Amino acid sequence: MLVVMQSHASEEQVRAVCQRIESLGLKAHPIPGTIRTAIGITGNKGAVDLGVLESLPGVIECIPVSKPYKLVSRDAKEEDSVLRIPTPSGDVIVGGDKIALVAGPCAVESEEQVFAIAERVVKSGVRLFRGGAYKPRTSPYSFQGLGEPGLKILAKVRQKFGFGIITEAIDNESLDLVEEYADVIQIGARNMQNFSLLKRAGRAKKPVLLKRGMSATLDEFLMAAEYVLSEGNYNVMLCERGVRTFADHSRNTLDLTIVPAVKKRSHLPILVDPSHGTGKRHKVLPLSRAAIAVGADGLLVEVHHEPDKALSDGMQSILPEEFAELTEEVRQIAAVLHRQVN
Ligand code: PEP
Ligand code: MN
């Protein structure tokens, strides 16, 4: 259920409607838009009595939302959500006419490795840096990440280069730490339906990057995001990272068709990860071009200065020089679409 407020409704009136909703034992989610505020209602088991709310001052109408996802849907918010990620070098904007690039290694391996990559990619103007301190690996015998010491390395690189840091949390315990050290909390493909983790991310004070599960449908993907928003964190970016198919020429099949599909149904920004999406170094540049052309709000790219020695995902990591070329081409494609990389 959505309560649509008049364009000139006062903050006081929005507050009064929220209080009324809460007094019915429900949860109110005010969603400010450029023209008007809508208030999403969650927590209702059945139909809500519309009469009570429709008669309140400032309300235009109450509309039932038929889709299973409510807060992430275009019904709740007509215009695109534009995320502002505070970093030591100022805000990075994701969405609207702004495109954000994220670069860095798959995993934080050592301080030397992270600094070697950071000092190279910063020359391309990238402002968001990635690197996993907690690695969900297929084999328990593979490198599992450095944990908190890895987060401390990321904090150092953040300070030195002014990057915003994006890193993955794999459980509630690591999420507490990631929230403390990083600027964006990544929820990985394997955890897309870890509902308790999604709820915890929904209570976090930092933006969330939610990766698509490797066999998740669009509805499942949006429902996972709905979990985060329903707990009060509206700063969510989606990330397409490829799905499992019969194709065996790539690690995953990067589903770029999901970008316009998300844009049609949801106001949330969506990034594309061509690294996990293909698993092959030579496919990262062409798929990056395509992702921007299809309307993605950013890219998440694995970069390593010595990919052959990488402790994880070396095969899909590109060199810093290749990343420099990628950013140049992406800037030009973005310009055609009247967008800018920031
Ligand atoms: C990653 O980005 O490092 C990662 C593990 O990705 P995914 O969850 O998409 O596999
Ligand atoms: Mn990886």
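Being a predicted model, the structure only gives us computed values, none of them experimental. For this chain, numbers begin at 1 and follow the sequence in order. For ligands, and for the atoms within them, numbers begin at 1 and follow the listed sequence.
Note on Glu111 versus Lys156: salt bridge recorded, some NZ/NE/NH1/NH2 to OD/OE distance being below 4.0 Å. Lys67 and Asp75 are joined by a salt bridge, as a carboxylate oxygen and a charged side-chain nitrogen come within less than 4.0 angstrom of each other. A salt bridge is absent between Asp183 and Lys206; no separation between the charged side-chain nitrogens and carboxylate oxygens falls under 4.0 Å. Remark: Asp313 does not engage Lys135 in a salt bridge, criterion side-chain N to carboxylate O under 4.0 Å.
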List ligand 1's nitrogen or oxygen atoms that come under 3.5 Å of a protein nitrogen or oxygen, with the partner atom and distance.
{"unit_1": "ligand 1", "atom_1": "2 (O)", "unit_2": "Arg130", "atom_2": "NH1", "d": "2.8"}
{"unit_1": "ligand 1", "atom_1": "2 (O)", "unit_2": "Gln186", "atom_2": "NE2", "d": "2.9"}
{"unit_1": "ligand 1", "atom_1": "2 (O)", "unit_2": "Lys211", "atom_2": "NZ", "d": "2.8"}
{"unit_1": "ligand 1", "atom_1": "3 (O)", "unit_2": "Arg130", "atom_2": "NH2", "d": "2.8"}
{"unit_1": "ligand 1", "atom_1": "3 (O)", "unit_2": "Lys135", "atom_2": "NZ", "d": "2.9"}
{"unit_1": "ligand 1", "atom_1": "6 (O)", "unit_2": "Lys211", "atom_2": "NZ", "d": "2.9"}
{"unit_1": "ligand 1", "atom_1": "8 (O)", "unit_2": "Ala189", "atom_2": "N", "d": "2.7"}
{"unit_1": "ligand 1", "atom_1": "9 (O)", "unit_2": "Lys211", "atom_2": "NZ", "d": "2.9"}
{"unit_1": "ligand 1", "atom_1": "9 (O)", "unit_2": "Arg241", "atom_2": "NE", "d": "2.6"}
{"unit_1": "ligand 1", "atom_1": "10 (O)", "unit_2": "Arg190", "atom_2": "NH1", "d": "2.9"}
{"unit_1": "ligand 1", "atom_1": "10 (O)", "unit_2": "Arg241", "atom_2": "NH2", "d": "2.8"}

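Within the 4.5 Å cutoff, no side-chain heavy atoms of Val59 are placed close to those of Glu61.
Of all non-hydrogen atoms in Ser312 and Arg137, the two that sit nearest each other are CB-NH1, 3.3 Å.
Remark: the backbone N or O of Asp176 is not paired with any side-chain donor or acceptor of Glu179 at under 3.5 angstrom.
The hydrophobic cluster around Leu2 extends to Val4, Ile60, Ile63, Val65, counting ILVMFWY residues whose side-chain heavy atoms fall within less than 4.5 Å of a member.
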Would you tabulate the side-chain donor-acceptor contacts of residues 262-272 under 3.5 Å, counting partners in other chains and residues two or more places apart, or write 'none'?
{"unit_1": "Lys263", "atom_1": "NZ", "unit_2": "Asp297", "atom_2": "OD1", "d": "3.3"}
{"unit_1": "Lys263", "atom_1": "NZ", "unit_2": "Asp297", "atom_2": "OD2", "d": "2.5"}
{"unit_1": "Arg265", "atom_1": "NH1", "unit_2": "Ala261", "atom_2": "O", "d": "3.1"}
{"unit_1": "Ser266", "atom_1": "OG", "unit_2": "Val72", "atom_2": "O", "d": "2.7"}
{"unit_1": "Ser266", "atom_1": "OG", "unit_2": "Leu268", "atom_2": "N", "d": "3.1"}
{"unit_1": "His267", "atom_1": "ND1", "unit_2": "Ser81", "atom_2": "OG", "d": "2.7"}
{"unit_1": "His267", "atom_1": "NE2", "unit_2": "Leu71", "atom_2": "O", "d": "2.8"}

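The number of protein N/O/S atoms found under 2.8 Å from the Mn ion (ligand 2) is 4.
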